[in-house]
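Owing to the predicted nature of the structure, the values given are computational and were not obtained by experimental measurement. Computed from heavy atoms alone, side chains included, the values below leave out hydrogens, waters and symmetry copies. By convention in this document, chain letters (A, B, ...) are assigned in the order of the sequence lines, proteins followed by strands, and residues within each chain are numbered from 1.
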2 protein chains.
Amino acid sequence: MPGTGYDQDDMSRHDPGTRRATISDVAREAGVSPSTASVVFSGKTPVSDATRRRVLDAAAALGYTGPDPRAASLRRGRSGIVGVVFEEHLGQAFLDPVKTLMMDGLADAVGPLGAGLLLLRDHEPAGSDAAQAAGPSLTTAPLDAAVLIGCSGMLRESLETVKARGIPVVVIEGDAGGDVPRIDLDNREAQRQLASHLRALGHRRAAVVTLPVRVDWERGWIGDDTAITVDVTRDRLAGALDVFPDAPAYAAAGSFIDEGLAAGREIFADPDRRPTAVIAQSDLLAAGVVRAAEEAGLRVPEDVSVTGFDGIVVDGLAPYELTTAVQPAADKGRAAGAAVAAMMEGRPAASIRFTCTFREGNTTGPAPGSAAR
Amino acid sequence: MPGTGYDQDDMSRHDPGTRRATISDVAREAGVSPSTASVVFSGKTPVSDATRRRVLDAAAALGYTGPDPRAASLRRGRSGIVGVVFEEHLGQAFLDPVKTLMMDGLADAVGPLGAGLLLLRDHEPAGSDAAQAAGPSLTTAPLDAAVLIGCSGMLRESLETVKARGIPVVVIEGDAGGDVPRIDLDNREAQRQLASHLRALGHRRAAVVTLPVRVDWERGWIGDDTAITVDVTRDRLAGALDVFPDAPAYAAAGSFIDEGLAAGREIFADPDRRPTAVIAQSDLLAAGVVRAAEEAGLRVPEDVSVTGFDGIVVDGLAPYELTTAVQPAADKGRAAGAAVAAMMEGRPAASIRFTCTFREGNTTGPAPGSAAR
DNA sequence: TTGTACGCGTTATCAA
DNA sequence: TTGATAACGCGTACAA
């Protein structure tokens with residue numbers, strides 16, 4: 001039986017139309033060796049103009065549009081893809097102006113590196129239906145590096161996965177432990193500064209509106225027994241408590257104006273226990289608190305002062321301008337990009353802690369009845 | 001000489017630490033064939049428990065964390081990556097609530113498909129410095145499919161690239177021509193409906209605030225000679241002109257409240273030519289127009305009516321609720337995902353035109369002095 | 001400047 | 001249930 005048949009495999013085996021041309025096909029058509037054809041496309045080695053022409057013509061004739069990225073990335077060992085891992089639903093993440101800015105910086109930083117950003121979700125809760133169907137996790141995506149974004153303990157698992165795979169990884173706003181470069185803020189210090197500002201204005205009774213304390217948090221007061229697994233939340237809260245040790249804290253379910261509004265209503269509900277200052281852990285929350293204050297018939301800042309955090313532009317808050325800590329969000333993204341770039345080239349990458357800038361707006365003023373006015 | 005030496009290749013040949021273990025290493029360690037080891041990880045074929053144990057143990061011992069995605073994707077011919085191509089800077093794109101929602105739907109739809117989203121920018125202007133350094137374009141990224149988002153003619157080039165590569169492609173809000181499935185809205189009809197609403201209220205003098213007419217547009221009035229390369233802009237404008245043929249149109253430089261504000265100031269500047277209704281091509285623009293009206297001492301809707309487009313929640317616009325056309329943004333994303341999914345499985349995918357829903361808010365009312373009140 | 005030879009790490013197929 | 005074999009499509013020493 002051997003030796004009998006034609007070699008029509010290619011035509012018969014592949015169902016639709018003809019097989020895509022490969023670089024070998026091009027080379028054959030052009031009458032050169034595959035390696036020469038390869039070089040024409042990569043430009044790694046000088047090629048005579050005549051040869052290049054022939055190869056390019058052959059490619060055009062065959063409809064060959066360049067090396068298959070899959071094969072190329074196997075060969076070179078690099079895919080040109082940087083994974084960005086979020087904890088939340090992607091849509092949620094992009095609702096956050098700070099994350100948006102970060103992505104911006106990140107994209108800037110990895111672009112020149114020849115890499116693109118692959119959006120990834122953190123591990124689905126194990127066993128869930130979603131986990132079955134889930135897309136390419138850290139495990140299955142062809143990543144050259146990964147940037148973990150977020151704060152919660154859930155990151156741990158992703159972190160292990162990615163470290164086990166031996167690809168460079170950087171964490172933004174989260175504690176990765178050990179040897180993983182970390183990009184974050186002086187959250188505690190910045191929050192302390194805002195709180196001190198309030199104290200200097202004579203405020204003695206403050207309340208805190210925090211970001212979620214963990215991923216699946218529903219809004220509510222934080223008790224002594226509430227475990228705070230989100231680093232940002234914990235650190236900023238610590239900064240506030242450094243100055244107002246007794247301040248009650250209400251945790252929102254997310255960084256949204258509506259959440260701030262809900263928290264504000266709760267906080268302003270009892271006239272007897274009403275604070276003269278509210279420390280919100282994000283500008284959006286602060287905007288909601290301001291609105292809640294108005295709703296409760298309180299003037300800002302005459303009756304109650306409000307501070308934010310982030311330094312983003314909050315639409316629709318005019319004429320208010322939040323007193324806030326401005327964080328360099330885009331710079332954080334850029335730094336993360338630079339860090340993975342360094343690691344991909346084998347250079348070490350250091351952790352960076354960025355500093356916030358205090359910005360006084362018109363939402364803070366002397367405490368009512370205080371001598372500070 | 002053969003038969004003499006140890007087999008220490010692995011230790012000596014590869015510079016840093018030891019080479020990563022491959023599935024063959026694992027197979028050898030476990031005493032099974034590579035194909036069996038492969039099957040253990042892919043689960044494509046039943047394997048005896050004993051064998052599985054041995055392989056898994058061997059993997060653990062060697063620190064093997066699963067098949068290399070690059071090799072796997074070469075072999076299977078699929079990478080599990082769907083490219084999402086934007087025209088603008090990524091950060092810009094995510095500032096747009098509509099795009100954010102779309103991404104959301106898209107992520108939903110491709111997830112179950114086992115795919116992730118790779119963020120890609122449209123081609124840099126050829127010859128620019130950026131183009132040199134640019135990351136993985138459509139040409140170099142290992143995509144299984146691509147979703148083109150946006151509207152301008154620039155998409156053409158991306159489209160050619162991607163079609164030449166023979167990968168499935170879907171276009172959202174753009175004219176791809178021919179055989180490329182298209183996901184879009186009944187922009188013209190929806191806009192016409194809003195305009196008709198105004199006309200029914202007695203308005204006769206309307207102005208339009210449009211989205212950018214092309215990618216690099218600076219804000220300004222649209223003249224007879226202004227070429228509009230952005231489909232959405234053109235279609236919505238056509239819908240408005242269907243009802244108000246003489247309406248002047250001012251094109252903003254982007255879909256932002258601030259842009260709407262600037263446009264509104266321009267439109268309300270001359271008291272003699274002041275319209276009684278402003279048709280904005282997005283809710284954000286409309287919000288800005290409302291603000292400009294307030295600024296000019298005009299009451300909304302008593303002195304001037306304003307319509308939006310999109311049906312998003314505009315923060316800070318309370319107590320106004322825009323009269324607008326609500327578009328199913330997330331559904332658009334989901335449909336795009338479904339379409340690429342279908343094409344990846346060889347099934348045909350049809351274009352889909354979604355329909356907007358008219359929603360009356362409190363920013364439109366009878367024309368001043370009209371009988372319609 | 002061009003060609004030869006080899007392997008990157010998998011997985012599909014088929015036979016045992 | 002397991003194993004042998006053969007690609008997948010390319011890049012790159014190295015030799016010519």
Distance test, side-chain N/O of A:Thr36 to OP1/OP2 of C:dT2, below 4.0 Å: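 For C:dT2, OP1/OP2 do not have a side-chain N/O of A:Thr36 under 4.0 Å.
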Any A:Ser73 side-chain nitrogen or oxygen under 4.0 Å from OP1 or OP2 of D:dC10: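 Indeed not, no polar side-chain atom of A:Ser73 lies that close.
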Nucleic acid footprint by protein, nucleotides 8-16 of chain C - heavy-atom cut-off 4.0 Å, B for base, S for sugar-phosphate alone: BBBBB----
For [X], what residues pass the side-chain contact (heavy atoms from CB on, under 4.5 Å) criterion, not counting sequence neighbours?
| X | value |
| --- | --- |
| A:Ser38 | A:Ile23 |
| A:Ala72 | A:Arg76 |
| A:Thr45 | A:Val39 |

Test item: B:Asp144 side-chain N/O and B:Val82 main-chain N/O as donor-acceptor pair under 3.5 Å: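 Here the side-chain-to-backbone pair does not exist.
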Residue pairs fulfilling side-chain hydrogen bond (donor to acceptor under 3.5 Å, both in side chains) with at least one residue in residues 342-352 of chain A, sequence neighbours excluded: A:Glu345-A:Arg347
For A:Lys99, all residues meeting salt bridge (charged side-chain N to carboxylate O under 4.0 Å, His left out), sequence neighbours excluded: A:Glu88, A:Asp96
Partner set under salt bridge (charged side-chain N to carboxylate O under 4.0 Å, His left out) for A:Arg52, not counting sequence neighbours: A:Asp49
Which pairs would a plain distance check flag for residues 105-120 of chain A, meaning a side-chain donor or acceptor within less than 3.5 Å of a matching protein atom at least two apart in sequence or in another chain?
from, atom 1, to, atom 2, distance (Å)
A:Asp108, OD1, B:His89, NE2, 3.3
A:Asp108, OD2, A:Arg334, NH1, 3.1

Close approaches to DNA chain D from residues 54-61 of chain B, in residue order (heavy atom, under 4.0 Å):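 Within residues 54-61 of chain B, no residue comes under 4.0 Å of DNA chain D.
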Salt bridge (Lys or Arg N to Asp or Glu O under 4.0 Å) partners of residues 32-48 of chain B, not counting sequence neighbours, each pair once: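 Qualifying pairs, neighbours excluded: none.
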All pairs passing ring-ring contact (aromatic ring centres under 6.0 Å, His included) where residues 41-64 of chain A contributes a residue, at least two apart: A:Phe41-A:Tyr64
Whole-Å gap separating P (D:dC8) and CG (A:Asp25): 10 Å
Terminal helix-axis angle for the helix from C:dT1-D:dA16 to C:dA16-D:dT1, with five pairs defining each axis and rounding to 10 degrees: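 The end-segment axes of the helix from C:dT1-D:dA16 to C:dA16-D:dT1 are tilted 30° relative to each other.
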